[in-house]
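Remarks on the structure that follows.
Throughout, numbering of the chain's residues begins at 1 and tracks the sequence. Just so it is clear, the values below take in all heavy atoms, side chains as well, and ignore hydrogens, waters and symmetry mates.
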Amino acid sequence: MNFEFSERVGRVEPSATLAISNLASELEAQGEDVVDLSVGAPDFPTPENIVQAAKDAMDAGHTGYTSSNGIPELKEAIAEKLRGNGVSAEADEVIVTPGGKQALYETFQTLIDDGDEVVLLDPAWVSYEAMVKLAGGSLKRVDLAQHDFRLEPALDELADTVSDETKLLVVNSPSNPTGGVFSDEALEGVRDLAVEHDIAVISDEIYERITYDGFEHTSLGSLDGMEDRTITINGFSKAFSMTGWRLGYLHAPSDLIAQAGKLHSHSVSCAVNFVQHAGVEALSERTDDTVEEMREAFEGRRDMLVDLLAEHDVDVAVPKGAFYMMLPVDDDDQAWCEGAIQDAKVATVPGSAFNAPGYARISYAASEERLREAVERLAEHDYI
């Protein structure tokens, strides 16, 4: 039969990051050696204590459904962690989700109706736009590229963009794709505008444990005036190298949790039982040293990559967090990235996917050896 597809699914394109990764996989299947710097997945194994906790949970029979919003032990551990960030949080204000992406999706679907205005800070992670469109929302955007991806110098532009018609603002710090970490002054500026115009704010904090140069993460929900208007999104994929475990969460005021919980129960039912028990272990202090070792490794790779690019007269905005870097390339960044993977066998993501044309996003969640090889290949084939 000829299916007639819904209008909503026609609003979005496939994920650009996964499209490049799929192309890299196809080339590798053909025997090509591809340096894949396209996907934001840490290259470290999941810490052994987390793996063991999952095994123990399975052995103990934790393989069935859980309560929809999550097991009490994990919700309380998440609330305690958030309180440590200065966020007023209780366990019943948390929904545990199969991945941070699901937490975001449920938030957009719960808050946004057709025509509702959502503001993004560009460059912005590719799925924000798709999720807004799937919910029927309309987009306004503020370009941070002209400010070396910093928010503070763009606060006037943000003030000109938001209004009483704005329903939701999305803040992601540390940022994917830029690695930018927004200053407290910038976040206070966001707070002032959110309060003035009565705007709800998503604070996507998935990279909070990965910051450099003494920069410390600040949870937006900890600021005065943001307690009842912030939806904090986080997860376990990045800091704990648990991408395939699919575990995330959202924290929000109880009335939003009640509504999002309906969507959650009718879609995914619950996150995987034994994975939730592993999440409790991940949040324990027993994992802190391993997380710090990974963070230090990312920082060392960042420093090396900045230096290698400088040797080829390539100047980049130095990331202060996450494990991404925006590489300035030709105006046609799509063609640059396609050429780089075909000719140099180096996979990156076009900046236009993040509404940042003229850049390619590099993930340095790869070994120093592979990062060196990527730069050498790009130079050899005149891509830098």
Side-chain angles (χ1 to χ4, degrees), residues 14-44 123 125-126 145 148-149 175-180 210 212-213 238 241 243 294-384:
S15 167
T17 52
L18 294 182
I20 291 288
S21 180
N22 290 341
L23 177 56
S25 296
E26 290 173 11
L27 290 171
E28 288 172 341
Q30 297 167 15
E32 300 284 0
D33 177 31
V34 177
V35 181
D36 190 353
L37 308 182
S38 66
V39 176
D43 59 319
F44 300 100
W125 180 52
V126 294
D148 285 337
F149 312 121
S175 164
N176 176 8
T178 71
I210 309 173
Y212 316 123
D213 303 331
K238 313 302 181 179
S241 198
T243 54
M294 290 190 285
R295 189 206 64 78
E296 289 177 353
F298 287 133
E299 185 169 16
R301 295 171 184 182
R302 179 207 63 169
D303 294 342
M304 185 198 74
L305 191 54
V306 169
D307 290 343
L308 289 174
L309 291 170
E311 291 174 7
H312 294 280
D313 298 320
V314 178
D315 185 29
V316 296
V318 179
K320 302 299 183 184
F323 37 71
Y324 306 108
M325 183 179 296
M326 296 296 277
L327 180 67
V329 299
D330 296 339
D331 289 341
D332 190 346
D333 53 278
Q334 182 73 36
W336 187 96
C337 290
E338 290 175 358
I341 193 171
Q342 294 290 352
D343 299 336
K345 303 301 183 292
V346 176
T348 62
V349 183
S352 54
F354 310 99
N355 214 39
Y359 291 91
R361 190 197 74 175
I362 291 176
S363 167
Y364 48 92
S367 70
E368 291 191 2
E369 178 185 4
R370 294 298 271 173
L371 291 170
R372 288 183 183 277
E373 188 166 356
V375 173
E376 290 171 2
R377 292 184 186 187
L378 291 173
E380 178 185 351
H381 291 273
D382 296 324
Y383 282 90
I384 57 174

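- With hydrogens and angles disregarded, a donor-acceptor distance shorter than 3.5 Å links the side chain of Tyr383 to the backbone of Gly339.
- Listed for the Lys345 side chain is no donor-acceptor partner under 3.5 Å among the backbone atoms of Leu27.
- With Arg301 contributing its side chain and Ala366 its backbone, the two residues share a donor-acceptor pair below 3.5 Å.
- Tyr212 places a side-chain N or O within donor-acceptor distance of the main-chain N or O of Ala322, the cut-off being under 3.5 Å.
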Please assess Glu368 against Arg372 for the test salt bridge (charged side-chain N to carboxylate O under 4.0 Å, His left out), listing each intermediate value before the final yes or no. CA-CA 6 Å; Glu368 291 191 2; Arg372 288 183 183 277; 5.0 Å; no
Show the numbers, then the answer: is there a side-chain hydrogen bond (donor to acceptor under 3.5 Å, both in side chains) between Gln334 and Glu338? CA-CA 6 Å; Gln334 182 73 36; Glu338 290 175 358; 2.9 Å; yes
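- Using a distance-only test at 3.5 Å, with no hydrogens or angles considered, no donor-acceptor pair links the side chain of Arg377 to the main chain of Val346.
- Contacts of Tyr324 classified as side chain to side chain donor-acceptor pair (under 3.5 Å), with partners at least two apart in sequence or in another chain: Tyr207.
- Note that CE of Met304 and CG of Leu371 are 4.5 Å apart. Values are rounded to the nearest 0.5 Å.
- Residue Leu23 holds its CG atom at 6.0 Å from CD of Gln342, rounded to the nearest 0.5 Å.
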List the atom pairs, donor and acceptor, that lie under 3.5 Å between side-chain atoms in residues 352-363 and the rest of the protein, sequence neighbours left out.
unit_1	atom_1	unit_2	atom_2	d
Ser352	OG	Asp333	OD2	2.8
Asn355	ND2	Asp122	OD2	2.6
Arg361	NH1	Asn176	OD1	2.7
Arg361	NH2	Ser38	O	2.5
Ser363	OG	Val39	O	3.3
Ser363	OG	Ala365	N	3.3

For Glu311 and Val375, run side chain to side chain contact (heavy atoms under 4.5 Å, CB included): C-alpha distance rounded to whole Å, both residues' side-chain angles, the deciding distance at 0.1 Å, then the answer. CA-CA 10 Å; Glu311 291 174 7; Val375 173; over 6 Å; no
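- For Asp307, the CG atom counts as densely surrounded, since its 6.0 Å shell holds more than 12 non-hydrogen atoms of other residues, nucleotides or ligands.
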